[in-house]
Amino acid sequence: MNTQIVNINLSHCNYSIFINESCFDFNAVAHLLKNRKIAIISNETVAPLYLEPLKQSLKRYNNSLHHLILKDGEQYKNQDSWNQILDFLADNSFNRSDLLMSLGGGVICDMTGFAAASWMRGIDFIQVPTSLLAQVDASVGGKTGINHKKGKNLIGAFHQPLAVIINASTLKTLPEREFKSGLGETTKYGFINQPQFKQWLQEHSEEIIRLNLAIMCQLIAKCCKYKKEIVQQDEKESGIRALLNLGHTFAHAIETYTQYKEYTHGEAVAIGMVMAAQLSVNLGIANDNLRKELEKHLQDFNLLTMLPKAVNATELVELMRLDKKTINNSHRLILLKSIGNAFIQTNVCEKDILQAILSTQH
Ligand SMILES: NC(=O)c1ccc[n+]([C@@H]2O[C@H](COP(=O)([O-])OP(=O)(O)OC[C@H]3O[C@@H](n4cnc5c(N)ncnc54)[C@H](O)[C@@H]3O)[C@@H](O)[C@H]2O)c1
C-alpha cells in the first residue's frame, strides 16, 4: 500500500502528514498511540461514515477509545462546541498524557486542535481530515480555533498536531459542493507562488473532477508541500505566511455577512481571489488580463467567481476591518502582480476595496 509522506519541520517540533489512497494508516505512528486515552471528536455527518473504520484501524494499537459527536456546520464552530469538548475531556478524566483526534472537515479539525491547545494548557492531538479543504490546507501549519459572533476564527491558538493521517478515499462521500470548495483553496497555491501547479491542475482537471484517487493523493501531497514551504519560514504569520490568505480577507467578510449559510469557505475564497485580482488591476499593479485568467481557471473547476448585487458591498468593507490582517483600520491585503506572484500590500484604502467588490458583483 502506497503512503505518501510530507514532513513538516518547525522550530520546536516536527511532524508528518501521511497520505493514503484507501485506508487510515497509523502504522508509522503506532508509538504515539500506545498507553493513553484517545478522544475522537467528529460530527453527526462524518461519524456514521468513518468512526467505526477509524476505530478498527486504531484498535490494533489502542483500546481506550472514546468519542464525542458534535453538530455539523460552520455555525457550530463556536464556544459552545469547544466547551462541549472540554466538558467531555473533564467527564472522562483526560489528563496531559492523553490524546485528542479530529475526524472531519476543517471545522472539526480547527475546534479539536483548539480544545487540545487549551485543555491543561496543551495536550497532544492527531488530525484525521476528511474533506478536501482540510486535507490540502487545514492539515498544515497548526492554526486552531473557533469563530466569535463578531467574526471568523477570532479565538484560537497555534498548536501543531503530532501527525496528520489522510485517507483520500473519504473524498468519495464528500458532497460535490464541498469538493469544489476544497478545489477553491487548492487553486490558491497556483496563484500565490507555484504557477507550474496551475498548469498541473489544468492538465489533470478531468482526473480531479472524476476523483481519480491516485491523482488526488498527488494533489494533496503537492498542496501540503507548498504550504509547508511557506509555514516553515514563518510559523506565526509575521511575514510571508500571510500570502496564504490570498482572497481570505474578502472571503471572511462574505462568510460573516451571509452568516456562513450561503457560501462554503472555498467558494468564498474563490470569489475573494477574484476581488483581489480586480483590486490589483485597478491599482495598476497587474495587467488587465489577470482577472480574466484567474476567473477562467476557477470556472474550469466550476467555481463561483462573482457575488450577487444584493450583497451590500459597503457592509463587506466594514466587516473586513475586523479581520486580523487589518492594522489600525489600514487594510493589509494580499494582491497579485501576476499569476504565481502574490505579495503583501499595506495601506490599501477602503474606496479601492469597495470598487473591487462592486466590480465583482452581478
Ligand atoms: N487551520 C487552518 O489552517 C485552516 C485552513 C483552511 C480552512 N480552515 C477552516 O476550515 C473550515 C472549513 O473546512 P471544510 O471546508 O472542511 O468545512 P467543514 O468542516 O464544515 O466540512 C464541510 C462539510 O463536509 C462534511 N464532510 C467532511 N468530510 C466528509 C466526508 N468525507 N464525507 C461526507 N461529508 C464530509 C462536513 O461534515 C461538513 O458538512 C473553516 O472553518 C476554515 O476556517 C482552517
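Excluded from the calculations below are hydrogen atoms, water molecules and symmetry mates; all remaining heavy atoms, backbone and side chain alike, are included. Everything numeric in this text was worked out from a predicted model, so none of it was measured. Whatever order the structure lists them in is the order used to number ligands and atoms, beginning at 1.
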Note to self: Looking only at protein heavy atoms, which one is nearest to atom 24 (O) of ligand 1, and what is the separation?
What the structure shows: Glu178 CG, 3.7 Å
Next item on the list: Examine the proximity of ligand 1 to Asp110 and report which part, side chain or backbone, both or neither, has a heavy atom under 4.0 Å away.
Entry: side chain
Checklist line | Side-chain donor-acceptor pair present, Gln199, His204, cut-off under 3.5 Å | finding: no
Notebook entry, point to check: By number and element, which atoms of ligand 1 are closer than 4.0 Å to a non-hydrogen atom of Lys227?
Noted result: 3 (O)
Check: Cluster question for you: counting only ILVMFWY and a side-chain heavy-atom cut-off of under 4.5 Å, with indirect links fine, are Ile334 and Val269 together?
Finding: yes
Next item on the list: Do me a favour and list the nearest non-hydrogen protein atom to atom 10 (O) of ligand 1 with residue, atom name and distance?
Entry: Gly106 CA, 3.3 Å
Notebook entry, point to check: Minimum heavy-atom separation for Met120 to Arg96, with atom names?
Noted result: O-NE, 2.9 Å
Check: Can an N or O of Asn153 be found at a distance shorter than 3.5 Å from an N or O of ligand 1?
Finding: yes
Next item on the list: Examine distances only and state if a side-chain atom of Asp234 and a backbone atom of Ser238 form a donor-acceptor pair shorter than 3.5 Å.
Entry: yes
Check: Where does Thr45 meet ligand 1, judged by heavy-atom distances below 4.0 Å: at the side chain, the backbone, both, or neither?
Finding: side chain
Item checked: Within reach of ligand 1, part of Pro175 (heavy-atom separation under 4.0 Å) -> side chain
Checklist line | Structural part of Thr173 in contact with ligand 1, heavy atom criterion under 4.0 angstrom | finding: both
Notebook entry, point to check: Considering the options Lys236, Glu235, Gln232, which one meets the side chain to side chain donor-acceptor pair (under 3.5 Å) requirement together with Ser11?
Noted result: Glu235
Check: Is it the side chain, the backbone, both or neither of Thr264 that has a heavy atom closer than 4.0 Å to ligand 1?
Finding: neither
Next item on the list: With heavy atoms only and a cut-off of under 4.0 Å, state how Glu44 meets ligand 1: side chain, backbone, both or neither.
Entry: neither
Next item on the list: Return the residue, atom name and 0.1 Å-rounded distance of the protein heavy atom closest to atom 15 (O) of ligand 1.
Entry: Leu133 CB, 3.6 Å
Check: Considering only protein heavy atoms, which is closest to atom 18 (P) of ligand 1, and at what distance to one decimal place?
Finding: Val107 CG2, 3.8 Å
Next item on the list: Considering heavy atoms of the protein only, find what lies nearest to atom 31 (N) of ligand 1 and give residue, atom and distance to 0.1 Å.
Entry: Thr170 O, 2.9 Å
Checklist line | Heavy atoms of other groups near Asp91 CG, more than 12 under 6.0 Å | finding: yes
Next item on the list: Check the surroundings of atom CD in Gln196: do more than 12 heavy atoms from other residues, nucleotides or ligands lie under 6.0 Å from it?
Entry: yes
Item checked: Proximity to ligand 1 by part of Lys143, non-hydrogen separation under 4.0 Å -> both
Note to self: Closer than 3.5 angstrom, by distance alone: can the side chain of Ser280 be matched with the main-chain N or O of Leu336 as a donor-acceptor pair?
What the structure shows: yes
Check: Heavy atom under 4.0 Å from ligand 1: found in Thr144's side chain, backbone, both, or neither?
Finding: neither
Next item on the list: State whether the side chain of Asn78 and the backbone N or O of Ser81 hold a donor-acceptor pair below 3.5 Å, judged by distance alone.
Entry: yes
Margin query: Quick test: of every protein heavy atom, which one is nearest to atom 35 (C) of ligand 1, and how far off is it to 0.1 Å?
Written below: Leu174 CD1, 3.5 Å
Next item on the list: Check the surroundings of atom NZ in Lys150: do more than 12 heavy atoms from other residues, nucleotides or ligands lie under 6.0 Å from it?
Entry: no
Notebook entry, point to check: Heavy atom under 4.0 Å from ligand 1: found in Leu171's side chain, backbone, both, or neither?
Noted result: neither
Checklist line | Atoms of ligand 1, numbered as shown, that sit under 4.0 Å from any heavy atom of Leu49 | finding: 32 (N), 33 (C)
Checklist line | Min heavy-atom dist Lys152 to ligand 1 below 4.0 Å | finding: yes
Margin query: Is the contact between Thr130 and ligand 1 made by the side chain, the backbone, both, or neither, using heavy atoms and a 4.0 Å cut-off?
Written below: both
Checklist line | Tyr50: numbered ligand 1 atoms lying under 4.0 Å from its heavy atoms | finding: 31 (N)
Next item on the list: Mind telling me whether His159 and Phe125 have parallel, tilted or perpendicular rings, with 30° and 60° as the class edges?
Entry: parallel
Check: In the protein, which heavy atom is nearest to atom 21 (O) of ligand 1, and how far is it?
Finding: Gly105 CA, 4.1 Å
Next item on the list: Please report which non-hydrogen protein atom sits nearest to atom 38 (C) of ligand 1, along with the residue it belongs to and the distance in Å to one decimal place.
Entry: Asp72 OD1, 3.3 Å
Note to self: With heavy-atom distances below 4.0 Å as the criterion, list the atoms of ligand 1 near Lys77.
What the structure shows: 9 (C), 40 (C), 41 (O), 42 (C), 43 (O)
Item checked: Test item: Glu207 side-chain N/O and Ile215 main-chain N/O as donor-acceptor pair under 3.5 Å -> no
Item checked: Under 3.5 Å donor-acceptor, Arg291 side chain and Val281 backbone -> no
Next item on the list: Report the residue from Leu316, Thr360, Leu358 that forms a side chain to side chain contact (heavy atoms under 4.5 Å, CB included) with Leu307.
Entry: Leu316
Margin query: Is it the case that ligand 1 has an N or O less than 3.5 angstrom from some N or O of Ser131?
Written below: yes
Check: Taking the six-membered ring for Trp, is the centroid-to-centroid distance between Tyr226 and Phe197 below 6.0 Å?
Finding: yes
Next item on the list: Would you mind running through ligand 1 and noting each atom that sits below 4.0 Å from a heavy atom of Val46?
Entry: 26 (N), 27 (C), 28 (N), 29 (C), 35 (C), 37 (O)
